[in-house]
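All remarks here apply to the structure that follows.
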Amino acid sequence: MMSVAADDHQLIAACLQGRTEAFGELVRRYQDRLYNTVYRMLDNADDAQDVVQDAFLHAWQALDRFQGNSLFFTWLYRIAMNSAISLKRKQRVTLRLEGGPPDEDREPRDPSDLSRPDHAMEKAEQERQLQEALNRLSPEHRAVLIMKDIEGQKYETMADILQVPIGTIRSRLHRARLELRDLLRQNDV
Amino acid sequence: MLPEDSIQLLTAYVDGELGAKDEEAALTLLRESVEARNLLHQLQQDADALRTLSRVGTPRDLAADVLAKINQTPAPSIRPRSTAPRPATTWPLWTSFAAAAAVLLVVGTSSWLYVASLPTNNPVPLPVAAVAEASLPDVVMTPDTKSDKGTATAKVEERPINGPELMPEPRVLVKAAEPKPAGSGNTEVPGKTSQDEILASPAHNKLELKEAKLPRLALTLGLRDLDQEKHQRLRAELRREASQRVDLPCVDGSLAFPRLQTVCREQGIHLLLDEEARKCLAIPVKGINYLIYTDQVTADELGKLLAQLGQEDKKAETQRRGSGQFNNFTIDAWKPTEQLWLTRSLGEDLMQPARPQPATPAGVDVRKPVSAGTSDQVAQTLKGQGTPRPAGDQPDWNGKDRLALVLVYQPERAPRPANAPLVRFFFSNRKEVGPQPVQLMLILRNQN
């Protein structure tokens with residue numbers, strides 16, 4: 001990972017010398033990972049694209065202020081997550097009847113009987129229910145669950161990204177987990 | 001109803017960032033409370049569901065749009081520092097030091113006065129972890145080396161809290177529940193608490209767990225960050241039980257499998273692919289999960305294999321971002337449904353003789369993991385049945401490596417019997433295994 005981080009700094013240095021193609025490389029490097037997280041936050045492909053694109057643009061504008069004391073991706077992630085949380089706060093939370101990630105960005109499955117449609121449908125249904133439950137959490141709770149369980153981040157990084165104390169992260173995760181548990185099991189009652 | 005601080009301990013346990021003391025407190029809680037175990041199970045299920053959500057990539061490459069927009073704006077550059085002279089300080093340097101010293105003196109004196117004024121019967125409130133520690137018996141789980149069963153039994157002894165002390169290595173497993181023979185007396189059955197028993201005993205703070213009957217707790221670790229401490233935890237975990245289930249999510253099984261296969265080969269394990277698995281990997285078919293079964297690996301070898309896989313994956317990710325296939329993995333007990341699926345896939349007919357045969361070993365109970373001795377019996381029973389494949393039918397096997405079976409794993413459908421000659425070949429060519437062999441079920445699971 002150190003060499004990736006060092007590579008990022010080289011690209012950033014190139015950007016600061018006016019080489020925009022270096023920034024293009026940074027975008028290609030992190031767009032998928034960022035999009036995945038933001039998509040899970042917003043559950044909307046268009047909004048997620050806008051937020052991710054804006055995050056990169058914002059990062060470009062503020063690149064000279066990036067001090068390098070954290071990973072570039074952490075810094076970028078912070079920009080994107082804050083935007084996503086702000087956007088979510090503004091939007092009215094609605095239950096979606098149809099959900100799940102768009103299929104056009106996935107490779108088509110092999111049509112052999114080993115990739116049975118009903119298996120894919122069942123998995124898609126489970127994911128839809130999980131995403132719906134996520135949607136019903138507050139933006140702050142959704143963010144910490146995504147960062148912890150989907151991104152695998154540690155408390156310290158999450159606190160750095162969201163600019164809150166570690167105790168707040170723990171507390172939010174605690175409530176988020178209990179809330180998610182209740183939401184997912186409402187239908188089982 | 002569990003108290004709030006207990007629930008907090010459990011959610012933090014799921015987060016995987018408890019310190020050694022808190023982890024010990026969590027284990028104690030789980031040992032004593034069925035409600036806690038049920039809650040933890042639910043929380044872990046939900047966390048697993050989140051971890052295995054499909055990864056969604058950008059519908060289109062954003063780089064072109066971003067570059068188009070930034071080309072319209074000037075490039076950011078390092079802003080020159082202001083060259084205006086800073087105003088001269090009006091205070092000499094020694095005054096700063098004096099001020100700092102004065103502040104420290106005031107803070108120190110105030111703290112001393114405050115502590116000295118506290119009445120002795122009013123202790124300072126402790127943080128959550130210490131409260132949990134103080135209210136529960138301070139326990140140390142040590143392996144009982146007198147046990148001759150080859151698995152650790154937990155013996156809990158009381159330890160006084162005497163200020164800072166070295167914490168024992170965190171342990172996250174308890175022995176899997178095993179049904180005791182009838183008439184063996186009271187045992188802790190999952191679902192029934194033994195709390196009354198514990199409280200009724202005269203020294204109820206001393207808990208003697210002769211044979212823990214608690215469900216085993218899953219251990220989740222990051223494959224790519226197995227440092228020395230985590231590797232030790234992993235090894236300790238793998239040594240506890242004779243059967244291990246490793247759940248290994250990956251981004252793309254068709255890419256992850258060759259990486260795993262290479263590492264296995266370097267560790268002297270040859271993967272025997274069932275026909276279905278071979279086809280899926282050759283095409284390759286996306287989204288297929290694979291189950292790898294072997295009983296020819298020791299606990300330490302398995303730990304080494306996982307560590308090496310993590311290293312290789314980390315190297316790949318470093319060389320080219322996005323090439324990493326693995327993230328977290330989980331070690332757990334075999335699930336009964338999976339065990340049943342596996343025995344049916346391997347072919348129950350192969351596991352039990354079709355006709356009673358005099359002077360042959362007893363048939364294998366497919367409901368139990370196959371022990372080493374039983375595997376020998378199976379191989380013995382199978383000898384002479386059908387046409388055993390010569391080693392030449394596995395041209396890429398060097399004859400020396402230990403073997404592992406690879407099957408396509410689709411638990412939602414009825415298991416297809418694996419290639420019978422292949423299974424016979426597997427059982428007929430078992431090698432000597434070192435100390436502490438494990439029966440391994442490794443599930444390579446696609447996240448997409």
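Since the model is a prediction, treat every value here as computed from it, not as a measurement. Just so it is clear: chains get the letters A, B, ... in the order the sequence lines come, proteins before strands, and each one is counted from 1.
- Below 30°, between 30° and 60°, or above 60°: for A:Tyr30 and A:Phe72 the angle between ring planes is between 30° and 60°, a tilted geometry.
- Proximity to chain B at a heavy-atom threshold of 4.5 Å picks out A:Gln49, A:Val52, A:Gln53, A:Phe56, A:Leu57 from residues 47-57 of chain A, in numerical order.
- For the residue pair B:Asp46 / B:Gln42, no side-chain donor-acceptor distance below 3.5 Å is found, with atom types taken as modelled.
- The contact between B:Ile7 and chain A is made by backbone and side chain atoms together, counting heavy-atom distances below 4.5 Å.
- Between chain A and the options B:Asp65, B:Val66, B:Val14, B:Thr11, the largest number of non-hydrogen pairs under 4.5 Å is found for B:Thr11.
- More than 12 heavy atoms of other residues, nucleotides or ligands lie within 6.0 Å of CD in A:Gln163, so this atom counts as buried by the packing criterion.
- Contact of B:Leu50 with chain A is made through backbone and side chain together, with heavy-atom distances under 4.5 Å.
- By number of non-hydrogen pairs under 4.5 angstrom with chain B, the leading residue of A:Glu25, A:Arg170, A:Lys154 is A:Lys154.
- Looking at B:Glu35, its side chain does come within 3.5 Å of a backbone N or O of B:Leu2 through a donor-acceptor pair.
- With chain A as the partner, the residue from B:Asp15, B:Leu43, B:Asn327 showing the most heavy-atom pairs under 4.5 Å is B:Asp15.
- In this structure, A:Arg177 pairs ionically with A:Asp149, as a charged nitrogen and a carboxylate oxygen lie closer than 4.0 Å.
- In terms of modelled atom types and a separation under 3.5 Å, the side chain of A:Gln31 and the main chain of B:Leu62 share a donor-acceptor contact.
- With 3.5 Å as the limit, one finds no donor-acceptor pair spanning the side chains of A:Glu127 and A:Gln131.
- If you measure heavy-atom distances from B:Asn328 to chain A, you find no contacts under 4.5 Å at all.
- With a 4.5 angstrom heavy-atom cutoff, A:Leu134 touches chain B only via side-chain atoms.
- Geometric assessment of B:Lys314 against the ring of B:Phe326 yields a negative cation-pi assignment under the 6.0 Å and 45° thresholds.
- Looking at A:Arg89, A:Lys88, A:Arg172 one by one, the single match for salt bridge (Lys or Arg N to Asp or Glu O under 4.0 Å) with A:Glu140 turns out to be A:Arg89.
- Salt-bridge formation is not detected for the pair A:Arg142/A:Glu132: no Lys NZ or Arg NE/NH1/NH2 atom is positioned less than 4.0 Å from an Asp or Glu carboxylate oxygen.
- Contacts of A:Leu130 with chain B are made by side-chain atoms alone, with heavy-atom separations under 4.5 Å and no backbone atom involved.
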